[in-house]
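Step one of this worksheet: look at the structure below.
All values derive from a computational prediction rather than experimental measurement. By convention in this document, chain letters (A, B, ...) are assigned in the order of the sequence lines, proteins followed by strands, and residues within each chain are numbered from 1. Excluded from the calculations below are hydrogen atoms, water molecules and symmetry mates; all remaining heavy atoms, backbone and side chain alike, are included.
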2 protein chains.
Amino acid sequence: MRTIPKAVANRLSLYRRLLERLHADGVRTISSRAISDSLGLKDAQVRRDLAHFGSFGQPGLGYRVAELLGKVRTILGTDRTWPVALVGYGNLGRALVAYAKVPGRSFRIAAVFDADPAKVGRQAGGLVVRDASELVRQVRRQKIPLAILAVPAEVAPKVAWRLARAGVRGILNFAPARLDVPKRVFVSDIDFTASMEQLSFHLRRRRA
Amino acid sequence: MRTIPKAVANRLSLYRRLLERLHADGVRTISSRAISDSLGLKDAQVRRDLAHFGSFGQPGLGYRVAELLGKVRTILGTDRTWPVALVGYGNLGRALVAYAKVPGRSFRIAAVFDADPAKVGRQAGGLVVRDASELVRQVRRQKIPLAILAVPAEVAPKVAWRLARAGVRGILNFAPARLDVPKRVFVSDIDFTASMEQLSFHLRRRRA
DNA sequence: AATTGTGAATCTCTTCACAGCA
DNA sequence: TGCTGTGAAGAGATTCACAATT
């Protein structure tokens, strides 16, 4: 019950989303079977996952939605709003700024950086795009704990190191590059090309 | 050697990228140890992965880069360019169109759709944004096998079904929703919120 | 001397199946 | 009766360690 396995951690967001919706709809309790049907899992897996953070289920009845949601939010850290530094204000950066502005997110863009002088000084969702050279100073000053890396692959490792030096504890990396940072910094990768290649891989597979 | 395990499939893109770079740099052979160091894996894992698609290694020497790259490309399907339908032309859609235009990609945007009348008719990287009502007809006519879903979560499942009906075999889904499509359609999810939540989850974890 | 390919061991995750509780 | 929590079995992935090969 102490350590949450990686596979479970990766499913926490799915549980959170479903529970948020149920809660908003006024549903009070739900069974592992109903959860598993909604998420495309097995009921036993849901029960084992949820057992990792306490005994919430009531035999014969199910799980209490409000209580479970509270627990999941606390574990995921979505019970508060985290400041995030966005590095790279290209097309993707702009999409992310727009996305983050939606109310109710558990993070907010607290600073935006870019190396391109043509972009520095522009408005970005209520913030001014700062020059990349100010990154370490600003991230430190604002004590920003998380960063989104939306820069070209060639410079990503270098920028990641600077973020680590500035004290961030987690990086969401969109660049197709390995970030070899100190292990106190957690890296989550979103690799668009790799995801597309999974599609073409399966296209080939099925044909055979 | 016949069936490639899921875990291996997910690493194929990493191998491909590394091999592309080595090949471009004129490197002729490479050992499993050098590969594993570059990618942050174990050497034994690299050997086992590569053994899934034949015996390419030369004991005492390593793997021949050109030959291995050719094999990985064939398996991943990046030895050709796949037409892709983009559904949803918001901020993310625009970022994807820009991204796909870079030469050398193994896919190209072949059609763009949106339900918003204000967006229909606009130019999108050399294409005209079409009304979502034309989706099935156009995807069928052009025999487009893959789609990128960049629409709001509420409509994602419905659009996914239409794509399936139109005959696509793979969907890259950016919407935070489960797509319950026929199993002939492979779905790859990119869940930005879930990835961000992994960061805050680990932030909490480390503190304890 | 360097390096592969793989049996065996190990670790991790999933699923079954059922005792026990409401 | 309906449902949880979990021991035990099963499935899958990783790592070790070494005989075989160039």
Side-chain angles (χ1 to χ4, degrees), chain A residues 1-15 18-19 22 27-69 71-72 75 178 194 198 201-202 205, chain B residues 1-15 18-19 22 27-69 71-72 75 178 194 198 201-202 205:
Chain A
M1 196 207 283
R2 196 57 281 169
T3 299
I4 293 184
K6 202 155 26 140
V8 179
N10 287 325
R11 280 189 292 272
L12 283 176
S13 294
L14 303 183
Y15 292 129
L18 176 59
L19 291 166
L22 293 168
V27 177
R28 310 294 291 271
T29 63
I30 187 166
S31 68
S32 59
R33 177 56 114 81
I35 294 176
S36 66
D37 285 350
S38 292
L39 300 179
L41 307 171
K42 286 283 168 69
D43 57 346
Q45 177 159 68
V46 170
R47 290 197 296 280
R48 205 175 278 289
D49 284 356
L50 301 189
H52 277 102
F53 34 96
S55 280
F56 288 94
Q58 301 211 283
L61 184 62
Y63 298 85
R64 290 186 295 280
V65 170
E67 187 183 8
L68 190 52
L69 174 56
K71 189 74 182 178
V72 173
I75 292 175
R178 187 167 80 101
Q198 290 306 301
F201 169 75
H202 281 272
R205 217 69 327 224
Chain B
M1 193 206 284
R2 195 58 279 169
T3 299
I4 292 182
K6 202 155 26 141
V8 178
N10 286 326
R11 281 189 292 271
L12 283 176
S13 294
L14 302 183
Y15 292 129
L18 176 60
L19 291 167
L22 294 168
V27 177
R28 311 293 292 271
T29 64
I30 186 166
S31 68
S32 59
R33 176 58 113 79
I35 293 175
S36 67
D37 285 350
S38 292
L39 299 180
L41 307 170
K42 286 285 169 67
D43 57 345
Q45 177 160 68
V46 170
R47 290 198 295 280
R48 204 175 279 289
D49 284 357
L50 301 189
H52 277 101
F53 33 96
S55 281
F56 287 94
Q58 300 210 283
L61 183 62
Y63 298 85
R64 290 186 296 280
V65 171
E67 187 183 8
L68 190 52
L69 175 56
K71 189 72 181 179
V72 173
I75 293 175
R178 188 167 80 101
Q198 290 306 300
F201 170 75
H202 281 272
R205 214 81 310 233

A:Arg11, CZ: over 12 other non-hydrogen atoms inside 6.0 angstrom: yes

Side chain of B:Lys42 (C-beta onward), nearest among C:dC13, D:dT15, C:dA17: D:dT15

Residue pair A:Phe53, A:Ile75: steps toward the side chain to side chain contact (heavy atoms under 4.5 Å, CB included) verdict: CA-CA 9 Å; A:Phe53 34 96; A:Ile75 292 175; 3.4 Å; yes

B:Asp43 CG to D:dT15 P, straight-line distance once rounded to whole Å: 10 Å

For B:Val46, the option from B:Ser38, B:Ser36, B:Ser31 that meets side-chain contact (heavy atoms from CB on, under 4.5 Å): B:Ser36

Distance-only side-chain donor-acceptor flag, B:Ser32 / B:Arg47, under 3.5 Å: yes

Gap between atoms NZ and C1', on B:Lys6 and C:dT14 respectively (whole Å): 11 Å

Whole angstrom value for the distance that separates P of D:dC16 from CG of B:Leu41: 13 Å

Spacing between B:Gln58 atom CD and D:dT22 atom C1', to the nearest angstrom: 8 Å

Heavy-atom donor-acceptor pair, A:Arg48 side-chain to C:dT15 base, under 3.5 Å: yes

Atom pair distance, as rounded to whole Å: OH in B:Tyr63 and P in D:dT21: 16 Å

Atom-to-atom span, CD1 of A:Ile30 to C1' of D:dC3 - whole angstrom: 13 Å

First encountered from the 5' end of DNA chain C, between A:Gly60 and A:Val8: A:Val8

No-H, no-angle donor-acceptor pair, B:Arg47 side chain to C:dT3 base, under 3.5 Å: no

Whether A:Gln198 side chain and B:Ala9 backbone form a donor-acceptor pair below 3.5 Å: yes

Touch class at under 4.0 angstrom, heavy-atom based, for A:Ala7 against every strand present: sugar-phosphate

Closest-nucleotide ordering on DNA chain D, the 5'-leading residue of B:Asp49 and A:Ser32: A:Ser32

Whole angstrom value for the distance that separates P of C:dT3 from CG of B:Leu50: 15 Å

Of A:Arg11 and B:Gly57, the one whose closest DNA chain C nucleotide lies more 5': B:Gly57

Length of the CD-C1' vector between A:Gln45 and D:dG5, whole Å: 15 Å

Closest to side chain of A:Pro59, choosing from D:dA13, C:dG20, D:dT14: C:dG20

